[in-house]
Q: 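Sharing a structure with you now.
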Amino acid sequence: MKKLIFVTGGVCSSLGKGIAASSLGALMEARGFNVRMVKIDPYLNVDAGTMSPYQHGEVYVTDDGAETDLDLGNYGRFTKAPLSRINSITTGQVYKTVIERERAGDFLGRTVQVIPHITDEIKRRILLVADEAEVDITIIEVGGTVGDMESVPFLEAARQLIHEFGRQNAISVHVTLVPAVSGGEIKTKPTQHAVKELQEIGIQPDVLVLRSKEALGIELRKKISSFTNVELEGVISGYDVAAIYELPLVYHAQGIDSFILKKMNVESRHAELGPWQAVVQKIRHPASKVRIGVVGKYMELHDAYKSVWEALAHGGIANNAQVELVKIDSSSLEADPDTTGSPVDKRLEEAFAGVDGILVPGGFGSRGIEGMVEAARYARIKGLPYFGICLGMQIMVIEYARNVALMSDAHSGEFSKTTKHPVVSLLEEQIDVKAYGGTMRLGASESKTREGSAIRRAYGTESIFERHRHRYEVSNAFKDRLEAAGLIVAATTPDGCLVEACEWPNHPWGLGVQFHPEFKSRPTRAHPLFAAFIAACRRP
Ligand code: GLN
């Protein structure tokens with residue numbers, strides 16, 4: 001029998017439901033089960049693709065080119081569950097399907113309603129994942145907070161599925177907050193209310209994950225258990241940890257996996273947690289420290305580059321090094337009139353003092369672009385390792401074109417309509433595209449790495465598959481000139497038509513990639529490019 005685990009949140013948002021769901025996924029995998037993950041986002045956008053990083057954080061891209069919520073990134077880091085379009089459900093998608101079916105005449109004669117038509121469509125989408133032949137356990141995270149208007153149809157669908165599957169096959173995990181008020185007193189009332197709210201919808205939670213600063217003692221857990229009808233064994237303390245990758249071990253130590261499996265009547269297998277223990281061991285006892293300057297444009301919001309931060313940490317784990325992040329808003333590096341002209345101005349020196357390597361991540365729009373170009377120039381001239389991702393590679397090309405290939409007004413067509421040297425430009429087929437949603441080059445495709453390049457050394461293979469999310473490409477009209485000036489085209493599409501990676505000549509490690517390697521990195525298996533970048537940054 002298929003098993004479902006619904007993960008919901010109470011009290012307030014940002015409690016780390018995604019990490020909780022991911023940690024459960026990791027534990028179920030450690031127990032030998034085949035796990036799938038589903039994220040439900042109760043917004044009307046069809047996907048996250050058109051949302052600003054400030055609104056939504058990073059847009060996580062799957063192999064099949066879906067632009068999804070960043071929690072799918074967490075699932076990808078904690079579990080081996082394959083992620084594609086079907087693992088991300090939004091209100092927008094659900095309504096779009098139902099309304100299209102209504103227009104097509106599928107409901108002829110009937111009134112189309114939230115219940116049953118919307119809820120049926122939600123259930124259909126969940127079961128599309130859960131019913132795959134080899135799947136044992138599907139974990140469904142319902143975004144938002146119980147009590148929000150937007151999540152009502154999703155919770156009703158969850159209630160129905162729990163009823164239809166039976167409580168031994170479908171369980172509810174509720175993540176709530178247990179705050180401490182001034183004076184340090186710990187308050188259980190918000191959790192009691194949050195559970196009541198879920199019960200009113202008709203869902204009795206089986207497990208409570210109590211988010212708090214410090215670990216909660218048995219007395220508090222007993223109190224919450226007695227007020228909520230959740231067995232004591234199911235009341236887990238999800239206290240703050242230094243590194244999120246400790247959580248599978250923290251949960252396991254409290255027996256959550258055994259409890260869930262017992263509830264679901266599944267024969268318990270021994271938990272294989274060796275890889276997680278190794279990760280935590282390395283995070284806790286690094287042999288060295290590496291300081292990485294990340295020069296981006298959405299620096300105030302940590303979530304905007306979520307996968308980049310995590311992939312850097314993984315690169316550290318792979319090298320036994322602690323990665324310290326120096327977040328630099330690229331606008332702050334832009335030369336003001338009286339400092340221009342000096343080859344490496346003071347501002348760059350100050351910003352990068354003590355930094356062992358520079359990473360320029362992806363981004364859209366012209367704000368802060370010149371600051372990134374400055375950062376790339378600094379890294380190139382100073383022989384500092386540089387890793388450019390997507391926009392970061394385009395920046396590397398623009399900088400090289402301007403300062404080495406002597407095309408002083410070189411730019412990307414995204415930022416200048418008048419440049420004589422659009423070294424980065426739109427492909428023919430993109431020029432007339434007017435719509436925004438889902439119109440970029442999206443998803444995984446093959447690239448061929450060049451023999452003798454740093455990128456080939458990092459991967460060890462000629463053929464690589466990485467995920468894209470961009471409109472612009474290095475222009476073939478300027479490729480020869482850039483190469484003649486020394487820029488190394490280190491990877492291309494298999495037909496050789498599009499540049500997928502560039503490297504600086506005579507430089508310790510200067511690599512730009514047109515794709516997003518950060519999406520495929522894991523704590524237990526760092527992405528080869530992040531591992532190689534951190535290795536290059538490590539001080540001897
Ligand atoms: N804005 C650039 C483009 O569309 C880069 C996109 C990105 O960094 N993801 O090509």
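Counting starts at 1 for both ligands and their atoms, following the listed order. A quick note: this is a predicted structure, and the numbers were derived from the prediction, not measured.
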Q: Would you check the N or O atoms of Gln514, main chain and side chain alike, for any that come under 3.5 Å of an N or O of ligand 1?
A: no

Q: Is the ring pair Tyr54/Tyr298 parallel, tilted or perpendicular, if the boundaries are 30 and 60 degrees?
A: perpendicular

Q: Mind checking whether Glu473 has a heavy atom under 4.0 Å from ligand 1?
A: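 Per 4.0 Å heavy-atom rule, Glu473 does not contact ligand 1.
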
Q: Is it the case that the side chains of Glu518 and Ser307 hold a donor-acceptor pair, with the cut-off being a distance below 3.5 Å and no angle test?
A: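 Looking only at side-chain atoms, Glu518 and Ser307 do not form any donor-acceptor pair under 3.5 Å.
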
Q: Between Asp47 and Arg85, is there a side-chain N and carboxylate O pair less than 4.0 Å apart?
A: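 So Asp47 does not pair with Arg85 through a salt bridge.
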
Q: Would you call Tyr75 and Glu141 a side-chain contact if the rule is heavy atoms closer than 4.5 Å?
A: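 Yes, their side chains come closer than 4.5 Å.
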
Q: If we only count N/O pairs under 3.5 Å, is Phe364 in contact with ligand 1?
A: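 Min N/O separation from ligand 1 is not below 3.5 Å for Phe364.
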
Q: Judged by modelled atom types alone, do Tyr43 and His56 share a side-chain donor-acceptor pair under 3.5 Å?
A: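 Looking only at side-chain atoms, His56 and Tyr43 do form a donor-acceptor pair, the distance falling under 3.5 Å.
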
Q: Answer with side chain, backbone, both or neither: which part of Arg469 has a heavy atom less than 4.0 angstrom from an atom of ligand 1?
A: backbone

Q: Nearest to atom 4 (O) of ligand 1 by heavy atom, His516, Arg471, Met440: which?
A: Arg471

Q: Would you mind running through ligand 1 and noting each atom that sits below 4.0 Å from a heavy atom of Glu414?
A: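 Those of ligand 1 that fall under 4.0 Å from Glu414 are 1 (N), 2 (C), 3 (C).
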
Q: Give the numbers and elements of all ligand 1 atoms closer than 4.0 Å to a heavy atom of Gly362.
A: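 So the atoms of ligand 1 that pass are 8 (O).
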
Q: Would you say Arg441 and Gln514 are linked by a side-chain donor-acceptor pair, where the criterion is simply a distance under 3.5 Å?
A: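 Absent: no donor and acceptor within the cut-off.
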
Q: Can you confirm whether Asn476 sits close enough to Lys479 that some side-chain heavy atom of one is under 4.5 Å from a side-chain heavy atom of the other?
A: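 In contact.
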
Q: Checking the N or O distance criterion of under 3.5 Å, is ligand 1 in contact with Cys390?
A: no

Q: In the protein, what heavy atom is nearest to atom 5 (C) of ligand 1, and what distance, to one decimal place, separates them?
A: Gly363 O, 3.4 Å

Q: Looking only at protein heavy atoms, which one is nearest to atom 10 (O) of ligand 1, and how far off is it?
A: Tyr472 N, 2.8 Å

